[in-house]
Protein chains: 2
Amino acid sequence: MSVYKDRVEQLFPTVVGSAEMPQKLKESMLYSLEAGGKRVRPLLVYAVLDTYGIAPEKADQTACAIEFIHTYSLIHDDLPAMDDDDVRRGRATNHRVYGDACAILAGDAMLTQSFQLIAKDELLSADKKVQIIAAVTEASGAPGMVGGQLDDMEAEGREVDVQELEYIHARKTGALLSVALQAGAVIAGAPEAEQRALEAFGKHIGLSFQIKDDLLDVEGDESEIGKPVGSDETNDKNTYVRLLGVEGAREKLRYHTNRAFAELEQVSGNTAVLKELAAYISERTK
Amino acid sequence: MSVYKDRVEQLFPTVVGSAEMPQKLKESMLYSLEAGGKRVRPLLVYAVLDTYGIAPEKADQTACAIEFIHTYSLIHDDLPAMDDDDVRRGRATNHRVYGDACAILAGDAMLTQSFQLIAKDELLSADKKVQIIAAVTEASGAPGMVGGQLDDMEAEGREVDVQELEYIHARKTGALLSVALQAGAVIAGAPEAEQRALEAFGKHIGLSFQIKDDLLDVEGDESEIGKPVGSDETNDKNTYVRLLGVEGAREKLRYHTNRAFAELEQVSGNTAVLKELAAYISERTK
C-alpha cells in the first residue's frame, strides 16, 4: 500500500508543474495536495489493477485525478461559507494561507484539471477515458458528492434517521470511493459482473469508512486523528454513534466490512491488496 | 442567431432536471442558467456547425456544457470572497438568493456536469469527446479562465500595461470563447488548417468582446448594460479605455474585428453566421 501511496504523491508536483498558471495558484494547489492524507481513493484504483495483474502506470493519471477531486472538495468544504475550518491535518486550511478567493479558484482549477488528466492519458483508449469521465462526474457532481455535501449541511441542527444519514454519506463520501474502484475496473477491463461486484464492494467500504470516522471521533487518539476527540458532538453533527451508540455503530461497521469481503468472492483476480485496504479502513486509528 | 439562442436555452431545464440532486441545488443552478445572457459561447459552437452545413444536434451537449462553465464562473466570481457583486443582469446574484455555500456548490456541480454532458454525448465519437474535453479543460482551468481570474483580481489597484491586460483577458474571457470555436471545429471535423484559423478568429473576437465591454462601460446605456455607466472607473478597474482612451480602444476594437474577419477567409464553408457574430460582438449595445 505504501508503494502506491508514494507513487501517486510523486505525481502531484509534476502534474501541477506541467500546466502554465499563476505562481500563487500553483502553490495553493500543491499546498493542499501535499498536506498528507491516507490517499485511500488512489490506492483503491491501484488495488484493482493489482488484482488483475496490470501494471500501475495505466492507473496513474486516473488515480491522481480522483485525489485532485477529493482535495478540491476539502478546500471548498473548509471555506468560511461552508464548514469554516481553520485547521486540517494539523495545518492551516488553504483559505487561511492563501485567502478565500484563491482557495475557491484553486478548487475550481483542480476539479477542472482532474478531467484533463483523464482526457489526456496516453495509456488509455478514448472509449475507456470517456467511460471513466462519465462515471467520475456522476460520482463527484450534483447526484453524488456535491449533492451529499449540500444535504449534509442542510441537515445540521436537525436529527436525521439512519436511512437519511446513509443516503447523505453514500453520496458525500461513498460515491467517490466507489467510483475509484469502478474506474480501476474499467482500466483493467474487468468483466461486467466483476465490475458490479467491485462497485458494491466500494459502496460497503464507503459506509465502513464513514462509520469508522464517527467511531474515531469518540474513541480515537487526538494526536492521531488531528482534531479534538468529541468534536462531532460539540458541533452537533449527525453521526452513526449518535444514532446507534458506540456498540451499534461497531456492529454496523462489522456488517459492512463483511459484506465488502463477500463481494470480493465474485472477483477472479488476486484481491489481496483490496482486502488489505478494506481491513485498513475498518481498523485504522486515524 | 436567436434560433440557436432559444435552442440552447431549452436544453437547460432538461439537462438539470435529468440528474438526481437536492431540490435547492437544482433551483440554484437553474436560477443562474435562466438569468438571461447573450449565450455567445453556445452560439459560436453552433455557428461553426452551420459553417460546415452540419445539423445543430451534434453541438447541443457541447454548447450546453460550455454555457454551464461560463455560468459557474459567474456564480463563483460574484461571491463575497471574489468580486462581491449583489446584482447581475438586473437580478440578485446566486449567493444573495441561495446563500454562499449553495452558490459555491452550484458552481462546482455545473462545472462537473459540463464534462459529463460531453462524455455522455451519444452523437459524438469517443475520440472527439476526448479531444473536446482536453481543449475545454485547458481553456477553463488554471492555464485559462481560472488563472486569468486570479491574475485579474491580483492586478486590482495597480496599473497594468496593455500587454498584461491582454494576457489577463486572453485567459479570463478569451480562452473559453476561443475553445467554443475549437470544439465546434472538432465536432464538424474541420480540416486542421481551418481549425487553426477558427481558433485565431476566436482569439480576436475574444479581445474584441472585452474591449467592447470596456467601451460600453463609458458609452453604453445604463438600462441596456444592466449596471451604472462608469462603474469600471469607480471600481478602479484596469480597462482598455483607461489605458488607451476611448479613441484608442475603438481603434483596437476595429483592428481585432478586422483580423477576425481576415481569419475567416481561410475557412471553406459558409461563414455568414460567424461573421454576423463577429459583427454583433463589436457593435452590440449591451
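Chain A is the first sequence line, chain B the second, and so forth, proteins listed ahead of strands; every chain is numbered from 1.
Highest contact tally toward chain A, considering only B/E138, B/M153, B/Q149, is held by B/E138 [criterion: heavy-atom pairs under 4.5 Å]. Counting heavy-atom pairs under 4.5 Å between each of B/A19, B/G99, B/P143, B/G148 and chain A puts B/P143 at the top. For the options B/G147, B/A103, B/A142, B/A109, heavy-atom pairs under 4.5 Å to chain A are most numerous at B/A142. Listed options B/V136, B/V16, B/L117, B/I133 were ranked by heavy-atom pairs under 4.5 angstrom with chain A; first place goes to B/I133. No other option in A/T112, A/D100, A/I69 has as many heavy-atom pairs under 4.5 Å with chain B as A/T112. Counting heavy-atom pairs closer than 4.5 Å to chain B, the top residue among A/Q116, A/Q113, A/M21 is A/Q116. With respect to chain A, the highest number of heavy-atom pairs below 4.5 Å among B/D77, B/D127, B/L105 belongs to B/L105. The choice from B/P80, B/S140, B/A134 that makes the most heavy-atom pairs within less than 4.5 Å of chain A is B/A134.
Side-chain atoms of B/S32 and B/N94 include a donor-acceptor pair closer than 3.5 Å.
Residue B/Q131: no heavy atom, backbone or side chain, is found under 4.5 Å from chain A. Both the backbone and the side chain of B/L25 come within less than 4.5 Å of a heavy atom of chain A. Contact annotation for A/I104: only side-chain heavy atoms (C-beta onward) come within less than 4.5 Å of a heavy atom of chain B. With a 4.5 angstrom heavy-atom cutoff, A/E20 touches chain B via backbone and side-chain atoms both. Contact of B/L79 with chain A is made through the side chain alone, with heavy-atom distances under 4.5 Å. Proximity to chain A (any heavy atom under 4.5 Å) is shown, for B/Y98, by neither the backbone nor the side chain.
Not one N or O on the side chain of B/S28 forms a donor-acceptor pair closer than 3.5 Å with the backbone of B/K24. Between the side chain of B/S178 and the backbone N or O of B/G174, no donor-acceptor pair lies under 3.5 Å. Distance alone, capped at 3.5 Å, is enough to place a donor-acceptor pair between the A/N238 side chain and the A/A155 backbone.
More than 12 heavy atoms of other residues, nucleotides or ligands lie within 6.0 Å of CZ in A/R91, so this atom counts as buried by the packing criterion. Applying the 6.0 Å contact sphere to CD of B/Q163 captures no more than 12 heavy atoms from other residues, nucleotides or ligands. For A/K128, the NZ atom is densely surrounded, since the number of other residues' heavy atoms within 6.0 Å is greater than 12. Crowding of B/R196 atom CZ: a count of heavy atoms from other residues, nucleotides or ligands under 6.0 Å exceeding 12.
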Start with the C-alpha gap between A/E199 and A/Q195, add the side-chain angles, then the distance that decides, and say whether side chain to side chain donor-acceptor pair (under 3.5 Å) holds. CA-CA 6 Å; A/E199 270 183 68; A/Q195 290 198 24; over 6 Å; no
